[in-house]
Student: 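Here it is: the structure, laid out below.
Since we're looking at a predicted model, the values are computed, not measured. Chain letters run A, B, ... following the sequence lines, proteins first and then strands; every chain starts at 1.
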Amino acid sequence: MTPSMTTSRRALQTIPGQWGKSKKVTLSMTSSRRMLKGLGNVVLVLMLLWTAIPFYWMIATSLKHDKEIYGYEATLIPQQPTLDNYATVFRETPYLLFMRNSIVVAVSSTVLSMIIACLGAYAIARLNFPGRAFLARSLVFTYLVPTSLLFIPMFALMSALRLTDSLHGLTIAYPGFDVPFCTWLLMGYFKSVPVELEEAALVDGCNRVTALVRVVLPLALPALVVVTFFSFTHAWNEFLYAHVFTSTNSARTVTTGLANFMSQDVFFWGPLMASTIMSALPPVVMFLVLQRWVVQGLTLGGVKG
Amino acid sequence: MRRAGLFITAVMLSAILTSASIQFVYILTNGGPSDRTMIFPVLSYNLALGGAQRLGMGATVSLFFFPVLVVFIIFLTRRMLREKGE
């Protein structure tokens, strides 16, 4: 950003000497600004390609025959598109089981984190109790400690509780990192809801809980959607815990099930790509449905009254 | 000024999350060839759960890595709380 800014400013300084007339200066200013914008667009296109090409390659590979995937020449477009790979995934792997496990874990851990996060955020935002500031602080702190430092103690804990290799274990583990973030986000949002509305509800005979459920939560709907989406995708994408805590197919989620394809000696790329695409679909669909509220929620959550 | 603050927050957040992200290295190279791409989280995973099952050693590796991160984390916690007006 800054280097290009300085060059354009330098261009502005030299140009009056060359042309002398102020009209030309404004003209050249717009043209240099246009150049800057063009440069920005080029960078954007490059970044778009950087992001999009792997996806394209994934889709293309999933539609190719084995012969073409392992052939001597790499082809950009599948020569004879086929859905064989998708059929192989369903025929030869317990893909639907992985999918079911993922859905169960993602949905139940999302519900669990939402309940805890709503109550917690409301308490920190509205109630006055000793240790409130400390709680807010420790929320951020917990959110920032990465899971890759925690998985060994967590594994020891889960083994002691006999929760390894079960969906319960994962469902209990995931809110551990969803709750801090969700609470943090909701806290800021709850604060932006006018207290007067709640006071009115309290006067009209609500208690704290009904005020939260009937007044605050409907007003905070955009933030709730963002938070739901966050914890769902997080649980859906999570790899480390799912890998460490499970050892049989009965509890494997999509992410680890796929990784297990890789750890065998033979990589079968076609089915792997096919299953990857299918597992990317649920969050995408969810995002498309919730998108409207997500964008609104992100902007609204940032505004403070 | 405010924008600079946001940049610092974003960079620090990303630094913490990236330095500890395990799955890309684990799946792509697993630290190889001959530990050239080894990072702390993968090392601790391999010690703790890969083959030898030395949980203690794995946990120790994590703990060695923690002081480096904790500096970032404390600093960033303060920043985020200040931005939120806590």
Student: Looking at B:Ile74, B:Leu17, B:Val42, B:Leu55, which has the largest count of heavy-atom pairs under 4.5 Å with chain A?
Tutor: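 The answer is B:Leu55.
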Student: According to salt bridge (Lys or Arg N to Asp or Glu O under 4.0 Å), does anything in residues 117-131 of chain A pair up with another residue at least two apart or in another chain? List the pairs.
Tutor: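 Qualifying pairs: A:Arg126-A:Glu198.
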Student: For atom CZ of B:Phe75, is the number of surrounding heavy atoms from other residues, nucleotides or ligands below 6.0 Å larger than 12?
Tutor: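 No, CZ of B:Phe75 has 12 or fewer neighbouring heavy atoms, counting only those of other groups under 6.0 Å.
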Student: Does A:Phe134 have more than 12 heavy atoms from other residues, nucleotides or ligands lying within 6.0 Å of its CZ?
Tutor: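 12 or below, so no.
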Student: Could you state the interatomic distance from CG (A:Leu144) to CG (B:Leu13), rounded to the nearest 0.5 Å?
Tutor: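 Rounded to the nearest 0.5 Å, the CG-CG separation comes out at 6.0 Å.
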Student: Once rounded to the nearest 0.5 Å, what's the spacing between atom NE2 of A:His243 and atom CD of B:Gln23?
Tutor: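 It is 11.0 Å, given to the nearest 0.5 Å.
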Student: Mind checking which of residues 147-156 of chain A sit less than 4.5 Å from chain B, heavy atom to heavy atom?
Tutor: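 A:Ser148, A:Leu149, A:Phe151, A:Ile152, A:Phe155, listed by number.
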Student: By side-chain hydrogen bond (donor to acceptor under 3.5 Å, both in side chains), which residues pair with A:Thr255, not counting sequence neighbours?
Tutor: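 Expected list: A:Thr253.
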Student: Can you confirm whether B:Phe72 is buried at CZ, in the sense that more than 12 heavy atoms of other residues, nucleotides or ligands lie under 6.0 Å from that atom?
Tutor: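 For B:Phe72, atom CZ is not crowded (no more than 12 foreign heavy atoms under 6.0 Å).
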Student: Side chain from CB out, backbone as N, CA, C, O: work out which of these in B:Tyr26 comes under 4.5 Å of a heavy atom of chain A, or both, or neither.
Tutor: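 Side chain only.
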Student: Under a 4.5 Å heavy-atom cut-off, does chain A meet the side chain of B:Val70, its backbone, both or neither?
Tutor: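 For B:Val70, the contact with chain A is made by the side chain alone.
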Student: So if I take each residue of residues 56-64 of chain B and look for any heavy atom under 4.5 Å from a heavy atom in chain A, which residues do I end up with?
Tutor: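 B:Gly58, B:Ala59, B:Ser62 fall under the 4.5 Å cut-off.
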Student: Select one option (side chain, backbone, both, neither) describing which atoms of B:Ile73 are under 4.5 Å from chain A's heavy atoms.
Tutor: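 It is both, since atoms from each part get that close.
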Student: Are side-chain heavy atoms of B:Tyr45 and A:Val244 found at a separation under 4.5 Å?
Tutor: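 Yes; the side chains approach each other to less than 4.5 Å.
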